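Each remark here refers to the structure printed beneath this line.
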Amino acid sequence: MDRIFSGFLLSVLLLFQNHGVYGAPPQPRGTLCRTRPTDLVFIIDSSRSVRPNEFEKVKVFMSQVIEALDVGLNATRVGVINYASAVKSEFSLKTYQTKASLLQAVRKIEPLSTGTMTGLAIQYAINRAFSDSEGARVRSPGINKVAIVVTDGRPQDGVKDVSTRAKAAGIEIFAIGVGRVDKNILRQIASEPLDDHVDYVESYSVIEKLTQKFQEAFCVVSDLCATGDHDCEQICVSTPGSYKCACKEGFTLNSDGKTCSACSGGGGAALDLVFLIDGSKSVRPENFELVKKFINQIVDSLEVSDTLAHVGLVQYSSSVRQEFPLGRYNNKKDIKTAVKRMAYMEKGTMTGQALKYLVDNSFAVSNGARPGVPKVGIVFTDGRSQDYITDASKKAKELGFRMFAVGVGNAVEDELREIASEPVAEHYFYTADFKAINKIGKKLQKKICVEEDPCECKAIVKFQTKVEDLIKSLQRKLEAVTKRIAALENKIV
C-alpha cells in the first residue's frame, strides 16, 4: 500500500513540476543506467543577491538531479544545506529515503536572503552533513561522497582552506557558478580535474540545463550501446564495461575503429562549408578560444582539397566580418592556422544580419562558392539575437543550404530551431556549458559529412547498362518486325 501511495504522490509532484514553478520536466535517464550508491549533499547559496524566482530555478535543478537518482537506504542518500550569512540544514542524509519525499522537501525550501558565507557552509558539510550522526556512511570504495555547491556571488569568508580539507576527507566537490560569480573562487572550491568539476552559467534561467551532466556523473552504465554513449557510426557491439564498433553489410570499418566506408571504395564528395560564429561580448575571451577549437575539430573531419571540401569563416557581433572566404585555403593546416589567428570582436549579437550576409555573400560564386556543390552553414551563438532572423533563415533553406544551429549558455532554443534545417532535431544542438561543445563537435562531424556511395554508383551504372541493352534489343526486334510488315505488304501488292 505504501508503494502505491508513494507512486501516486510522485506522479502528482511530477505533474506539478511540469506545470508549476518547476518548469520543464526532468531529462529521461537511460533505462539501463543505474546510479552508484552516493552520499550527496547540495550546498545552496540563497543570499540576498539570489532573487526568489531565481531560487526556484535552483530548486528545479535539484529536483531534476534527484529524479535521476536511485534513492534509498542502500542506494543514494540526499541532504540539502541552505546558506547565506548563516547555515541551515534543510534535511540530512538520513531524513528521507524515497524520491517522492525528497522532491516534496525540496519544494518547501525557502531562501534566507542575507550574506554569502560559502566557506562556513562547506565547513558545516565536513563537520555535520557528512557525519555518521547525520546519516553519512563509512567511507569506502563502494560509497561516493559528493557535494554540489551552487553560488552566484563572491563569498564573505575564505573557501580555499576549508575546500582543501573537504577534499582531503574524501568529498568530491562540484562547483556551479551563476552570473557575476568569481570563477577563481569556483576553482578553489572544486575537485580535480577542474574541467569536470567547475560549471558556469550566465543566469539562473539556464541552470537546469546542467541536469544532464549530473545525471551522467552519477550513472553507472551497464550497456554503453543501449544508452547511446558511444561514437560508432553504424553498429555498436556491447562488451563488459565497454563497446566496439562494427559496420552494416557492404561497409568496412575505417582505421579509426568508429566510422565506416561504403564497400571497399568510398571517399569524400565536394562540399562548401561556412561557419557563422557569434563573437559578441557575452561569449568572453576564454570561451572564444574554445569556439575556435570547436571549428578546428570540425575541420579535422573534412577532406579539404581543391576538388573536395572548401571552408569559409564569418564572425559577427554588432557587425559582420568575413575572416576568410570559401576556397582561399585548400588544406587543413592553413585553415586551422587562420582560425587560430581570428581576433575576438565583442559587442552585440546581430544574428539576423549575419544570416543575411551568409545568404547574400558567403555562398555566392563571386565569393568562392562552386555551382552544383552542396552548401552547409554552421551557425554558433551564445545569446538571443538583437535583430530578426526569420527572413534570412527562411531564405537560406529555400536556396537549398543545409543549416546547422549550435547554441550555448543563453542561446534561445526557439531561434536555434528556426535557423536549423529539417528535420530540426537533427540540425540544432544546445549545451549550457562552453566546455561541452566538443561533444556537439563529434556529432556534427558525422552529420555534415557528404559521402558518395560507390556501391550505389555501381548499381546505378549496372541498371543503366541493363536498360540500354534492353532498349537496343527492342529496337532490333522492332526493326525485324518492320521489315516483315514491309515484306507482307509487297506480297499483297
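As a basis for the values below, the full set of heavy atoms in this structure was taken, side chains included, without hydrogen atoms, waters or symmetry mates. Just so it is clear, the structure is predicted and the values come from calculations on it, not from any experiment.
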Which pair of non-hydrogen atoms, one from [X] and one from [Y], has the smallest distance, and what is that distance?
X    : Y    : answer
G312 : L326 : N-CD2, 3.5 Å
I298 : G441 : CD1-O, 3.4 Å
I66  : V106 : CD1-CG2, 3.8 Å
P155 : T118 : CB-OG1, 3.5 Å
H427 : A420 : O-CB, 3.5 Å
D300 : K332 : O-NZ, 2.8 Å

Reported [atom1]-to-[atom2] distance for the pair [X] and [Y], which is rounded to 0.5 angstrom:
X    : Y    : atom1 : atom2 : answer
S191 : D196 : OG    : CG    : 10.5 Å
L355 : E418 : CG    : CD    : 9.5 Å
M403 : I419 : CE    : CD1   : 7.0 Å
I207 : K57  : CD1   : NZ    : 10.5 Å
M350 : I389 : CE    : CD1   : 12.5 Å
F401 : S393 : CZ    : OG    : 12.5 Å

Short side-chain to backbone donor-acceptor contact, [X] and [Y], under 3.5 Å:
X    : Y    : result
Y344 : K281 : yes
S317 : G279 : no
Q297 : N438 : yes
K99  : A68  : no
K292 : K336 : no
E422 : K397 : no
Q386 : T349 : yes
H310 : Y329 : no

Chi angles and distances behind the side chain to side chain contact (heavy atoms under 4.5 Å, CB included) call for R154, R180 = CA-CA 8 Å; R154 183 184 294 273; R180 296 182 180 180; over 6 Å; no
Set of residues satisfying salt bridge (Lys or Arg N to Asp or Glu O under 4.0 Å) with respect to R384, sequence neighbours excluded | none
Quick one: does NZ or CZ of K209 land under 6.0 Å from the six-membered ring centre of Y430, within 45 degrees of the ring axis?
->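 So K209 does make the cation-pi contact.
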Determine whether more than 12 heavy atoms belonging to other residues, nucleotides or ligands lie under 6.0 Å from atom NZ of K395.
-> no
Is atom CG of D391 surrounded by more than 12 heavy atoms (other residues, nucleotides or ligands) closer than 6.0 Å?
-> no
Are [X] and [Y] close enough that some pair of their side-chain heavy atoms sits under 4.5 Å apart?
X    : Y    : answer
F324 : R341 : no
E192 : L194 : yes
D45  : V150 : no
V339 : F275 : no
V408 : F294 : no
I295 : M342 : yes
V65  : V78  : no
T431 : K439 : no

Can you give each donor-acceptor pair under 3.5 Å made by side-chain atoms of residues 357-367, sequence neighbours left out, with the distance rounded to 0.1 Å?
residue, atom, partner, partner atom, Å
D360, OD2, K356, NZ, 2.7
N367, ND2, Q322, OE1, 2.6
N367, ND2, N361, O, 3.3

Go through the steps to decide whether S385 and D387 satisfy the test side chain to side chain donor-acceptor pair (under 3.5 Å), and finish with yes or no.
-> CA-CA 5 Å; S385 177; D387 58 355; 2.6 Å; yes
Given the options K183, R284, K435, Y200 meets side-chain hydrogen bond (donor to acceptor under 3.5 Å, both in side chains) only with R284
Decide, based on the SG atoms alone, whether C232 and C245 are under 2.5 Å apart.
-> yes
Please test D278 against T351 for side chain to side chain contact (heavy atoms under 4.5 Å, CB included), starting from the C-alpha separation and ending with a verdict.
-> CA-CA 8 Å; D278 179 355; T351 309; 5.6 Å; no
Would you call D414 and R417 a salt bridge, using N to O less than 4.0 angstrom?
->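 A salt bridge is present here (some side-chain N lies under 4.0 Å from a carboxylate O).
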Salt bridge check: are K213 and D433 linked by an N-O gap of less than 4.0 Å?
-> no
Ring-ring centroid check Y204 F61, cutoff 6.0 Å | no
Chi angles and distances behind the side chain to side chain contact (heavy atoms under 4.5 Å, CB included) call for T151, L186 | CA-CA 9 Å; T151 182; L186 298 180; 4.1 Å; yes
Give the intermediate values and the outcome of side chain to side chain contact (heavy atoms under 4.5 Å, CB included) for residues L416 and F429.
-> CA-CA 8 Å; L416 299 178; F429 305 88; over 6 Å; no
